[in-house]
Each structure stands twice: as structure tokens, then as C-alpha cells.
Amino acid sequence: MGDLTQREKDVFTLVKAEGLTFEYAAELLGLTKSSVQTYLERAERKIEGRKNDSLFLVS
């Protein structure tokens with residue numbers, strides 16, 4: 001997760017690891033629900049891209 005911004009890490013951790021709702025994560029971070037969703041989508045895209053890059057290195 002080294003290429004994620006701090007905000008992306010925070011959102012990803014709260015929503016995916018801690019299981020919080022978008023609404024509650026937004027409240028904790030002082031963001032809107034749509035911002036939480038956007039940060040999560042960015043984080044997931046970066047993580048997926050990194051996984052795909054790693055697969056090419058292993059092949």
C-alpha cells in the first residue's frame with residue numbers, strides 16, 4: 001500500500017479492514033460519503049494495478 005496517499009490508506013483501512021460504512025468513515029474523517037467512495041475506488045484501482053504488475057514479474 002506504499003503508493004496510496006494517506007487519505008486513501010485511511011479510507012481503505014476503515015472501510016475494508018475495519019468494516020465501517022461509508023457514512024461512518026466519512027464522519028470520522030470529516031469527509032462526505034461520496035469522497036470516501038472516491039478515495040476507496042482510487043485505492044482499489046492502485047492495489048489492483050500493483051497486483052497485476054506483480055503477476056507479470058512472477059511469470
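These numbers come from the heavy atoms of this one structure, side chains and all, not from hydrogens, waters or symmetry mates.
Other residues, nucleotides and ligands place more than 12 heavy atoms under 6.0 Å from the CZ atom of Phe22. Heavy-atom contacts from other residues, nucleotides or ligands closer than 6.0 Å to NZ of Lys16 number 12 or fewer.
Looking at Leu29, Val15, Leu31 one by one, the single match for side chain to side chain contact (heavy atoms under 4.5 Å, CB included) with Tyr39 turns out to be Leu31.
Here the side chains of Arg50 and Lys46 are not in contact, with every heavy-atom distance at 4.5 Å or above. Counting only heavy atoms from C-beta outward, the side chains of Ile47 and Phe12 approach each other to under 4.5 Å. Side-chain atoms of Gln37 and Leu40, non-hydrogen and from C-beta on, never get closer than 4.5 Å to each other.
The backbone N or O of Thr5 lies less than 3.5 Å from a partner atom in the side chain of Glu8, making a donor-acceptor pair.
Between the side chains of Ser35 and Thr38, no donor-acceptor pair is found at a separation under 3.5 Å.
Note: Glu27 CD to Thr32 OG1 = 13.0 Å, rounded to the nearest 0.5 Å. Rounded to the nearest 0.5 angstrom, Glu41 CD and Glu44 CD are separated by 7.5 Å.
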